[in-house]
Amino acid sequence: MTARIPPLMERPALKALEAHYQKLRELHLRTLFADDPKRGERMTVEAVGIYFDYSKSRITAETLTLLLQLAQESGLRSRIDAMFRGEKINVTEKRAVLHVALRAPRGQSIVVDGEDVVPQVHTVLDKMADFSTGVRSGKWKGHTGKAIRNIINVGIGGSDLGPVMAYEALRHYSQRDLTLRFVSNIDGTDFAEATRDLDPAETLFIISSKTFTTLETMTNAHTARDWTLKTLKHPAAVARHFVAVSTNAEEVAKFGIDTTNMFEFWDWVGGRYSMDSAIGLSTMIAIGPEHFRAMLDGFHEMDEHFRTAPFERNLPVLMGVLAFWYSTFFGAQTVAVLPYEQYLKRFPAYLQQLTMESNGKHVTLDGIEVTYQTGPIYWGEPGTNGQHSFYQLIHQGTRLIPCDIIAFIQPLNPIGRHHDLLLANVFAQAEALAFGKTSQEVEAEGTPPWLVPHRTFEGNRPSNTIVLDRLTPAALGKLVALYEHSVFTQGTLWNIDSFDQWGVELGKVLAKRTAQELESTDEPHLTHDSSTNALIRRYRRLRNARS
Ligand code: G6Q
C-alpha cells in the first residue's frame, strides 16, 4: 500500500508554489525569453520520438522545481509503481488499473489476484489477429457466402470514441476496400445513416460493450440484428455477421452471439483506457495486426518512459504538472488541444472523455470534498481550421487558455507547399500567443490611435508545442499514452480517483426508469420534479397525438 499523503493544500511544495505564484503571475513571456536567450532550447525534452517544447509556459526553473517537488510529495512515484504492479488503485471500484498490461510485450509478467495477465492479453490479441486477417482477406464469409466489406462498430463512450479516433487517425494505413463505420448514439439517425447504403450480406457488426448491458449499445445491437435478419432471413446469419467485444460472456450468449466469436477483456481495463484492448478490433481490421502491434509498441514505449524517466525529463509528468499549474494557480478552466494534422480530427473529442471522465471529480480518494478545482475542460479542433473560428478568444479574450499544439515533421500526403504552410501556422500561432503585439508595435505600423487597443495583442498566452516525426501507428500510441499518463499525474496531485466514473452510472440508471415511463401504455405515475414531470407529459401527449 502507498504511504499516507497529506491533503494537497497542506503539502509544503504547494505552499511554496502559492508564494512563488504571487511573484510570477505578472511576469511576461517576453521578459522570460529576453532574460534567457537559450530558454527555447533549454526548456525542451526529447524522448521516445517526441520533441516537447514547454518554453512558452509561464514558469521559471524554480516553478518547475517546485511543481516536481509537489509531484514527489503527492506520492507520484509510488502511485506509478502501484499502477504498474497491478495494485487496486481504482479504490471506489476496488479494481486494478492495468491498461499498461494491454501493450506489454509477450514474456513480460504482471500479476493481478495471483494471475499473470500478460499471457491472457496475448491470447486475445492472437485471436483478434486471426479474425482480422480472415476479414481483411475475404476468407471470413457472410451467411450468403459473400465476403465482408463493411464493418460497423456498435458501442458508446469508451467502447466507441477510441475506435473512431484511431480509425480516423490511421486511415492512411487502412485497407481501403473496407468500409468502417461507427454507431454510438441511441438516436435512430445514427444507425439509419450508417447502414442506408450497405448490403447486410457484406456487413459485419462488432458489438463492443464491456458490460453488454448499456442501453444505447444494446438497442443499436438489436436494431442491427433486425436489419440483418430482414434481408438474410435465417437466424444462423447472426453467427457470421455479429461478433462481440465484452467482459460479459453470459449476456453475449443471451444476445445470440456464439461466445467463440467473443473477444474478451477484463475489469482492470477502464472504458476510456480500452482502445488498445479487444475494443480496438475495428482498428485492427482496418489497419491489420502488424500496424496494430506497432501502435501497442508505441504505447508501451511511452509507458516505459513514464515508469522510468526522472520527473524533470518525463513527458507525461511535465505535461501533467503544467496543466495543474494553470488550473490551480491561474484559474484556467480549460486546455485547448490543437493538432495540426487532419487525421487527428477526432483526437480532441477522444481526449475529452479521457481527461474529463477521469478527472472530473469532486472528492478525494478518501471521499473528502476538495477545496480546489480538479480536471480542466479539454477541447479543440485541428489547425488551421480553429484559427478561423475560436482562436480569436484565445489570443484576445479575457480568459487564459493553455494550448497543446501538436505537429508532425513529415506529411502523410505531401502535396505542393501544403505542409510548409501548415507548419508555418504552427510556429506562428505559438509565437503570437506567447509574445503578442504591443501597442507601440501597432502604433509604429501607422494604426490610428482609436484602433490601437483593438489591434493590440497582450500575448503571455502559454502553449506546449509537441512535435513528432510522422503520424504512424506507433506515434499515435505514444500520443495517447502521453495524455493517459498526464491525466494520471494530474489526478495524483489532486488526490482523486481518475479511474472511476460514477457520474456516468447515474445517467444510465435514470434513463432506464424514464424510458419505462415514456413507453408505458397507461398514464405513468410520475414522481420527478415538476419540470421533468411536465416535460414527460408533454412529450407523451404530443407524440400520441401525432401517432
Ligand atoms: C468509460 C466509461 C463509459 C463506458 C460506456 C460504455 O470509461 O465507463 O464511457 O465506456 O458507458 O460502456 P460499455 O462498454 O459497458 O457499454
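Just so you know, these numbers come straight off a predicted model, no measurement behind them. First listed ligand is number 1; within each ligand, the first listed atom is number 1.
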Legend entry - Nearest-neighbour protein heavy atom for atom 15 (O) of ligand 1, which is reported as residue plus atom name and distance: Thr211 OG1, 2.6 Å
Legend entry - Distance filter under 4.0 Å to Lys508 heavy atoms, resulting ligand 1 atoms: 11 (O), 12 (O)
Legend entry - Sub-6.0 Å ring centroid separation between Phe408 and Tyr340: no
Inset, instruction - Quick one: look up the protein heavy atom nearest atom 1 (C) of ligand 1 and list residue, atom name and how far away it is. - result: Glu357 OE1, 2.8 Å
Inset, instruction - Could you tell me whether a side-chain N or O of Gln490 sits under 3.5 Å from a main-chain N or O of Phe324, the two making a donor and an acceptor? - result: no
Legend entry - Phe242 six-ring centre to Arg225 NZ/CZ under 6.0 Å and within 45° of normal: no
Inset, instruction - Identify the protein heavy atom lying closest to atom 9 (O) of ligand 1, giving its residue, its atom name and the separation to 0.1 Å. - result: Gln353 NE2, 2.7 Å
Legend entry - Where ligand 1 meets Gln501 - atom numbers and elements under 4.0 angstrom, heavy-atom basis: 2 (C), 7 (O), 8 (O)
Legend entry - Polar contact flag for Thr217 and ligand 1 (N/O pairs, less than 3.5 Å): no
Inset, instruction - Measure the distance from atom 5 (C) of ligand 1 to every protein heavy atom, then report the residue, atom name and distance (to 0.1 Å) of the closest one. - result: Ile156 O, 3.5 Å
Legend entry - Under 3.5 Å donor-acceptor, Ser246 side chain and Asn248 backbone: yes
Legend entry - Exam field: side chain Thr374 to backbone Asn359, donor-acceptor pair closer than 3.5 Å: yes
Legend entry - Geometric N/O contact Gly158 with ligand 1, under 3.5 angstrom: yes
Legend entry - Phe306 ring center near Phe299 ring center (under 6.0 Å): no
Legend entry - Enumerated ligand 1 atoms positioned under 4.0 Å from heavy atoms of Ser159: 10 (O), 13 (P), 14 (O)
Inset, instruction - Enumerate the atoms of ligand 1 whose separation from the nearest heavy atom of Arg272 is less than 4.0 angstrom. - result: 1 (C), 7 (O)
Inset, instruction - State which residue, out of Gln353, Arg272, Glu484, fulfils the side chain to side chain contact (heavy atoms under 4.5 Å, CB included) condition with Ser358. - result: Arg272
